[in-house]
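Per chain, numbering begins at 1; letters A, B, ... match sequence-line order. Side chains included, hydrogens not; waters and symmetry mates left out as well; all remaining heavy atoms used. Bear in mind that the values here come from a model prediction, so they are computed numbers and not experimental data.
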Amino acid sequence: MRSHASVLHIDLDAFFAAVEQRDKPSLRGKPVVVGGVGGRGVVATASYEARVFGVHSAMSTREARARCPHAAYLSGRFHAYRETSAAVMSLLREVSPLVEPLSLDEAFVDLAAADLPGHEVADVTAFGHDLRRRVREVTGGLTASVGIGTSKFVAKVASDLDKPDGLVVVPPGTEQELLRPMRATVIPGVGPATAERLRRAGVHTIADLEAVSEDELVRLVGRSLGHGLHALCRARDDRPVQAERETKSVSAEGTYEEDLTDRRLMEGLLSRQARDVAERLRKHGLSGRTVSIKVRLHDFTTLSRSTTLGSPTDEAAVVARLARGLLADLDTTGGVRLLGVGVSGLADWVQDELFGPDDSEREADPEPEPALDVPSTRHRAWAPGSDVVHTELGPGWVWGSGRGVVTVRFETAETGPGPVRSFALDDPALSLFRPPSPEAPAADAP
DNA sequence: TCTGGGGTCCTAGGACCC
DNA sequence: TCTGGGGTCCTAGGACCC
């Protein structure tokens, strides 16, 4: 916790709905609901006019339509939201080099890193008013709620106190009196399940939380959250504003209007999602070792299965093949409402090329034995680190193999380290491989 | 015909290693 | 006859956030 109120939290009010109202004047002053418009959709954002009727985010669209039939129901224009968000984020970065976006419509800004005339309450208050004015300018009239305090927690709580279009500064030293009467659920990380556990222990407010020992909290809600709650209910929060956060996973999923029962159809949908995921991985220069699927059954039971490769891939065919294989082990006879594919265990390609394993590391850290659907004679020809293969991209070293996949590093004496690519044994790219023939390698080896 | 989509983080158990 | 303990990786599930 800082001695000055120098952490700012900004939240754009009813963001998606506000962008729609900005761009379509006929919607201004009217209830607008953005979200899934199908039979299984949920509300992403409701305009304040719709909230009056009890519509709120995460509510099913069916329920929202029942409460507010005359609202405009829109499926969303994410391009417009991203564009508007980018304008706000770049404004924030003009103000301070230390900006941590939390989503399209929310961010923390570290004012200690900003160029302010002073950091007293009066200074940051004036700054907050000016910032909200500038947000309206760069967004074409969108309003924001801003909170400023001595920590992320306090700033975030503060931005919620005067929504919409508000500014709340919490003077240093007044945090605990502000927090004590509040419900424990204002603490980020305390959702319905945790709130219920706390309630059963007689804990409703932050003051109640303060009266519980740390050991008891850990017993109630687990180690990590227990320690976190013990600190936060005392307004102790030293979490820094972090400008850069690495992507940890990339995924795509879909909920279907009617439960799926046809396995071929499910495989086709997984393959399409795999292409989508692989495309986004490549766009960001990423590749990952762990491929997961998510399956939500008709009764909302949610299953996940994953498998980890010896080396990272960003190949749609590899992701798709593994995803389909994972699905094969699940019983889906009752019907499936949601299917999804994800890749995690991400590596950065560029970094991989610059700092990837050299020959000695490769020996110290051998690839796992290949899966048994790799024909043994072919696999011997593709032993990691030893063989040269040919593809239409040119010659490369076999870098890894396993689970029906061969990974190639395109690296030659002439060109230096190149990209790493994985090829599924049963996809068309496989035909590009030629196990080195006895006479060929000498001529073509790097 | 209740219950999205894209993420993050945590927990717990088993395998494996030293 | 005894039967470590810590660390890391992997998998599955769950809670939570916007």
Side-chain angles (χ1 to χ4, degrees), chain A residues 9-17 33-46 56-67 73 75-76 78 81-82 85 100-108 152 156 159-160 185-198 218 221-229 239 242 245-259 273 276-277 280 284 289-310 326 329-330 335 337-346 365 368 403:
Chain A
H9 180 256
I10 183 166
D11 191 339
L12 297 161
D13 300 314
F15 180 53
F16 298 167
V33 177
V34 179
V37 295
R40 287 175 164 174
V42 300
V43 174
T45 312
H56 55 78
S57 3
M59 170 182 280
S60 76
T61 299
R62 176 178 313 280
E63 171 82 16
R65 284 188 200 274
R67 294 189 184 203
Y73 287 85
S75 60
F78 280 81
Y81 309 152
R82 267 193 286 274
S85 175
E100 179 177 333
L102 299 175
S103 63
L104 288 180
D105 65 339
E106 251 186 71
F108 284 115
K152 281 184 165 181
K156 171 120 170 121
S159 71
D160 225 28
T185 50
V186 305
I187 300 178
V190 179
T194 303
E196 177 58 19
R197 286 189 187 186
L198 293 175
V218 167
V221 302
R223 196 165 48 90
S224 177
L225 190 56
H227 290 306
L229 294 185
R239 294 171 298 164
Q242 286 180 298
R245 302 183 61 194
E246 287 178 21
T247 301
K248 300 267 170 64
S249 65
V250 175
S251 64
E253 64 183 53
T255 294
Y256 304 99
E257 289 288 317
E258 285 171 16
D259 289 350
Q273 291 169 339
D276 176 34
V277 167
R280 279 150 58 207
H284 295 102
R289 289 177 55 222
T290 301
V291 173
S292 310
I293 63 166
K294 176 169 161 184
V295 177
R296 180 117 75 205
L297 304 177
H298 63 291
D299 65 353
F300 224 71
T301 311
T302 306
L303 308 173
S304 62
R305 291 292 181 273
S306 66
T307 184
T308 298
L309 295 163
L326 291 167
D329 294 338
L330 296 178
R337 61 147 46 218
L338 171 148
L339 274 180
V341 174
V343 173
S344 57
L346 299 186
D365 182 20
R403 304 261 189 179

Worksheet item: Can you tell me which stems DNA chain B forms when a stem means 3 or more consecutive Watson-Crick or G-U pairs under 3.5 Å?
Response: B:5-18 with C:5-18
Item to complete: Could you walk me through whether Arg280(A) and Asp276(A) pass the salt bridge (charged side-chain N to carboxylate O under 4.0 Å, His left out) test, one step at a time?
Response: CA-CA 6 Å; Arg280(A) 279 150 58 207; Asp276(A) 176 34; 3.2 Å; yes
Practice prompt. State which residues pass salt bridge (charged side-chain N to carboxylate O under 4.0 Å, His left out) with Glu100(A); sequence neighbours excluded, sorted by chain then number.
Written response: Lys152(A), Arg245(A)
Item to complete: Just call it for Lys294(A): base, sugar-phosphate, or nothing, with non-hydrogen atoms closer than 4.0 Å on any strand.
Response: nothing
Discussion item. I'd like to know whether Val295(A) forms a side chain to side chain contact (heavy atoms under 4.5 Å, CB included) with Leu338(A), so could you lay out the CA-CA distance, the side-chain angles of the two residues, the decisive distance to 0.1 Å, and finally the verdict.
Written reply: CA-CA 6 Å; Val295(A) 177; Leu338(A) 171 148; over 6 Å; no
Worksheet entry | C1' gap between dT3(B) and dC16(C), integer Å | 16 Å
Worksheet, complete the sentence: Expected list for residues 186-198 of chain A near DNA chain B, using heavy atoms below 4.0 Å, is none
Practice prompt. Hey, which sits more toward the 5' end of DNA chain B by its nearest nucleotide, Leu225(A) or Tyr256(A)?
Written response: Tyr256(A)
Worksheet item: Can you name the residues that form a salt bridge (charged side-chain N to carboxylate O under 4.0 Å, His left out) with Arg82(A), not counting sequence neighbours?
Response: none
Item to complete: Mind checking Gly340(A) for me? I need base, sugar-phosphate or nothing, with any heavy atom below 4.0 Å counting as a touch.
Response: nothing
Discussion item. Counting C-beta onward and ignoring hydrogens, is there a side-chain heavy-atom pair between Asp160(A) and Val186(A) closer than 4.5 Å?
Written reply: no
Discussion item. Could you check whether any side-chain N or O of Glu106(A) sits under 3.5 Å from a backbone N or O of His9(A), counting only pairs where one atom can act as donor and the other as acceptor?
Written reply: no
Worksheet item: With Phe15(A), which residues qualify under ring pair (Phe, Tyr, Trp, His ring centres under 6.0 Å), at least two apart?
Response: none
Worksheet item: Which nucleotide span of DNA chain B, 5' end to 3' end, has atoms closer than 4.0 Å to non-hydrogen atoms of chain A?
Response: dT1(B) to dT11(B)
Practice prompt. Quick one: label Thr247(A) by what it contacts on the DNA or RNA (base, sugar-phosphate, nothing), any heavy atom closer than 4.0 Å.
Written response: sugar-phosphate
Worksheet item: With a 4.0 Å cut-off on heavy atoms, is Glu63(A) in touch with a base, just the backbone sugar-phosphate, or nothing at all?
Response: nothing
Worksheet entry | Euclidean distance for P, dG4(B) against dG14(C) (whole angstrom) | 16 Å
Worksheet item: Between Leu303(A) and Arg289(A), which is nearer to the 5' end of DNA chain C once each is assigned its nearest nucleotide?
Response: Arg289(A)
Worksheet item: Quick one: do the Thr308(A) and Thr290(A) side chains pair a donor with an acceptor below 3.5 Å?
Response: yes
Discussion item. Closest-nucleotide mapping onto DNA chain B: is Lys248(A) or Arg337(A) further toward the 5' terminus? I mean the 5' end.
Written reply: Arg337(A)
Worksheet item: Heavy atoms, side chains only, cut-off 4.5 Å: are Leu330(A) and Ile293(A) in contact?
Response: yes
Item to complete: Name the orientation class of the two ring planes belonging to Phe78(A) and Phe16(A) (parallel below 30°, tilted from 30 to 60°, perpendicular beyond 60°).
Response: perpendicular
Worksheet item: Are the side chain of Thr61(A) and the backbone N or O of Gly36(A) linked by a donor-acceptor pair below 3.5 Å?
Response: yes
